[in-house]
Amino acid sequence: MTSEQITNTGSVSGDCGSAQARARTHVQAYVQTQARQNGSAKDGSATNGPARNDSAKGGPSGQKHGLQRCHAMLRPVSLRALLPWLTSIIGVASALCLVIAWFPSTVWNTPIVSSDAPAHYYFIHRLLDEGLGAALHLWPHDSFYPPLFHICAYLVIKIAALFGVQCSIYAAFNITWIIASGVIFPAGMLVLCRYFLRRWNRGNPISNPISRISQASSTPESSSVSESSNVSNQQVSSAVNRQYNVTFDATFVLRNLIGLFVPVLAVSSVCHPYGLLNAGPLIAFGFATSLLPFLIAATLRLFDAIAAREHIAKWLAITAVAGVVCLVAHPRIAFTYALILVPFIVLRLPWKLILGAFIAMCVGAVAFVALMLTSFKSDRWANPDSWFHSHQPSKNLWESISFCLTDGLDGFPAILFALLLIAGTAAAFVCASRRAAARASDSFSSAASTVVPVASADVDVDASTSDIAVSAADSPVSVSCPPPASHSNATDAASASSESSRLRRNDRLRDVIALTAAFLLVALVYVCTVTLVGALPNIISAPWYRDENRIMTMLPLVALPLLVIGINALAECVSACAASASFAPSASSFSTKNSASSVPSLSSASAVSSVKNASFASNWIVLIAVFLVIAILAVSAQIVCPSRSAARDTIIAHSSLNQSDPNEQLTEQKIDVLRKVTERTGTQATIISDPLNGSMYAETLFNANMLYPIINARTDVPSAPFGKVETAFASGDAQQVLGTVCPLTDAPEYFLTMGDQAQSLQSFPYRAQYDSFHNEELIDTYVDGGTLVKVADYSQYGQGWALYRFGCTD
């Protein structure tokens, strides 16, 4: 067959790649073409040798054929580039809709009344007052607090103002949380899971039955065939392999089906993001957790670059930028990052880098201990058993372990998640171990043989998919053509050596071991936090303040990737078992027919086609089953979700103004009083009050200038006026009080009483420092002496409620 006929054959596949019948015809024609070419080359090598060499080395006919093969590949590659982006957009959009549907509508106009919420509202308010320059000293006493979340909320307000929309602090707070939880976090989990899926499916022979025929052709019956005939058969099957992989790749579809549901599963658990919005809310730590998957994925790509000794600078820079962003969101996220990365560091880095990483971790641990010792004064540091003395276990051992295995889901979805996680992890270990053994055997055989086998299953699949596989993180327009058919012996030897080295890395097994180890480490920290007591659990969980809510956020980061590769491994095992019965007779027929002749015929192509059809049924039935299982898990997790519903109900209760206790942080009566107080004092005068009675919300509700806009007004910071004012007010000395309060600002200073401290804040460890601000006898003494002058009485709202002005001489 002439080169023009070969070109026409290639163009049939390019024009009709989506039609199954034409694709099958092209496969058969391609086999016949290559067979006849090999036969002609063997018979006429003496007379036609130079012409063949010219074509193989890139002559006019060879170049035209290569260009046409590129054209044939272009359409399938475009589909492969589009599908990951499409499934990513659908998955993340679905996750965003779930987060918005869950979000309590009551907090758009009123604040979340909880322990940490006033501080976050105040930080945003301070940025609005002072500009981005305040980002480095957000605390009232001008010390540093991680500002990234608050900067994002500030930008939301500013961007809305550009379009003439007035966005409140509470609305900006909520929008930033929704974007972080409904877009950034699920997208990061998708990137992380697809990273592991791509590594797992790299060189996967299950989806390609033609490579099975290539392996089966090397049987004892075919060993008597001449060496040139065997090489010809291997070249033919390898070429068909590449064409087959372009148009049919079950693992590629499976990767995207799983990726479609990863963002949904990422926001299905109460572990994150819902738990942190209810717990405080722990906004800065939650924002850092939402960013963390990107940092982990970038770090793992850096490890890949180090192993391959290429693009190291690029991924080092990306990892460094991602790390700085996460640290600006919340520095304590470094402990979560280190805990999850430790197994990967041990299994995937050279020993010198492992040593360096652990030295860096030790230095960080020492710095953290020094910071805690200098920042928090305590006489219990030498006795770890007494740390967190008020902490009480919340779950028994079985409850804490089952919570980890179910990723915090409830009911039927929890059972299904745990079963898939356990079965998938076991399947992943089996598949990875068997593949590692097979690679070791192949490596040994390659070393003992003088002829490098071209038709190895892993080599063939990698040779084709490495040029055209496109993930969500890759460029959607990258297309590569196969190299020319002929290479120098030196190039072949170098390529074979590089491939052998790559195959010995056992990426699958290392990933499974590392992910399982990371999951077990997270589970250990969680169990120590919620179940165990004593010195050792205190030390292990201390970096997270022995707080269950912070530690829960780590579970999806390790459970979801482990579940994803486990489901992929289960599908691979089922597909292999289902197709094995079809592979055996077809491969045997292929081998027998080739042993009779050195040139494969159309019957060989028929064997290829029959195996392809059998594998089509087995692989795609498995894909449908996997799709249904993941869909059932994702959908049922949205239907059966009492934990998430409970968190939502708690937030709604915290944001409600209809409280039975009049001393709670915010009630309708307190809102009225704070409004009237601000109208009377203006927004420049300083108002001093016990922040635990809810008065601190006046700062963001009505733009009042509260001396205590947060509940944690530390007294051990010399630059802060809090300690001085508290000490002076508690002294009973009028001169000391006026001498401390009056110089605070040039505007008048007021004192507000609104009853006792709220019951919901009784767990605050420093609440006693504000006792003097609601001591009625002390207040009456200052009133009698003229230190305080009553300017408004609010006793109709509560006993003793009043606004006083300090007797400063203006």
Side-chain angles (χ1 to χ4, degrees), residues 95 98-121 149-150 153 170-171 173-182 184-186 266-290 329-330 332-333 336 391-392 394-395 399-400 403 406-410 414 526 529-530 544-557 637-638 640-659 664-666 694 697 710-712 758-764:
L98 291 173
V99 170
I100 293 175
W102 174 88
F103 194 79
S105 60
T106 55
V107 297
W108 288 98
N109 297 316
T110 59
I112 298 175
V113 181
S114 193
S115 56
D116 289 343
H120 296 299
Y121 297 139
F149 178 90
H150 314 94
Y170 307 121
F173 176 97
N174 297 338
I175 291 171
T176 306
W177 184 90
I178 288 175
I179 293 174
S181 304
I184 297 177
F185 179 63
V267 298
S268 296
S269 169
V270 73
C271 295
H272 188 71
Y274 312 104
L276 293 187
L277 186 63
N278 179 34
L282 302 176
I283 291 299
F285 190 87
F287 193 63
T289 301
S290 296
H330 201 291
R332 199 173 289 270
I333 201 66
T336 301
H391 175 79
Q392 296 294 327
S394 59
K395 293 182 176 71
E399 289 173 341
S400 59
F403 187 90
T406 60
D407 192 32
L409 297 174
D410 303 293
Y526 183 80
T529 301
V530 302
W544 297 272
Y545 287 127
R546 198 171 172 88
D547 181 69
E548 178 180 357
N549 300 287
R550 287 183 174 90
I551 295 173
M552 283 196 316
T553 60
M554 295 189 286
L555 285 173
L557 298 172
Q638 317 314 319
V640 184
C641 50
S643 296
R644 277 187 295 155
S645 299
R648 184 175 186 270
D649 293 341
T650 303
I651 295 173
I652 292 175
H654 285 169
S655 58
S656 174
L657 298 179
N658 297 321
Q659 302 289 338
E664 262 309 322
Q665 295 181 62
L666 274 187
Y697 288 99
I710 61 176
I711 67 171
N712 188 14
Q759 288 297 317
S760 58
L761 296 176
Q762 290 303 301
S763 61
F764 180 61

Discussion item. Per the side-chain hydrogen bond (donor to acceptor under 3.5 Å, both in side chains) rule, what does the pair list look like for residues 268-282, sequence neighbours excluded?
Written reply: S268-Q638, H272-S290
Item to complete: Quick one: pull up CG in D116 and CD1 in I711 and give me the separation to the nearest 0.5 Å.
Response: 6.5 Å
Practice prompt. Check step by step if side-chain contact (heavy atoms from CB on, under 4.5 Å) holds for I333 and F285.
Written response: CA-CA 7 Å; I333 201 66; F285 190 87; 4.1 Å; yes
Under the salt bridge (Lys or Arg N to Asp or Glu O under 4.0 Å) test, which residues partner [X], sequence neighbours left out?
X    : value
R644 : none
D547 : R550
E548 : K395

Worksheet entry | Residue list, side chain to side chain contact (heavy atoms under 4.5 Å, CB included) with Q659, at least two apart or on another chain |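 Applying side chain to side chain contact (heavy atoms under 4.5 Å, CB included) to Q659 gives S656, E664, T667.
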Item to complete: Please report the shortest heavy-atom distance between V99 and G182, naming the atom on each side.
Response: CG2-CA, 3.7 Å
Worksheet item: Does a side-chain heavy-atom distance below 4.5 Å link W102 with L277?
Response: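 Touching, per the 4.5 Å side-chain cut-off.
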Worksheet item: What residues form a ring pair (Phe, Tyr, Trp, His ring centres under 6.0 Å) with F103, not counting sequence neighbours?
Response: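 So F103 forms a ring pair (Phe, Tyr, Trp, His ring centres under 6.0 Å) with W108, W177.
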Worksheet item: Counting N and O atoms only, with roles assigned by atom type, does the side chain of N174 sit under 3.5 Å from a partner on the main chain of V107, one being a donor and the other an acceptor?
Response: yes
Item to complete: Examine distances only and state if a side-chain atom of Y121 and a backbone atom of I112 form a donor-acceptor pair shorter than 3.5 Å.
Response: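 Yes; at least one donor-acceptor contact below 3.5 Å.
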Item to complete: On the 0 to 90° scale, with breaks at 30° and 60°, tag the F149-F173 ring pair as parallel, tilted or perpendicular.
Response: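 Aromatic pair F149/F173 classed perpendicular.
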Worksheet item: Quick one: which of S114, S760, S115 gives a side-chain hydrogen bond (donor to acceptor under 3.5 Å, both in side chains) with Q665?
Response: S760
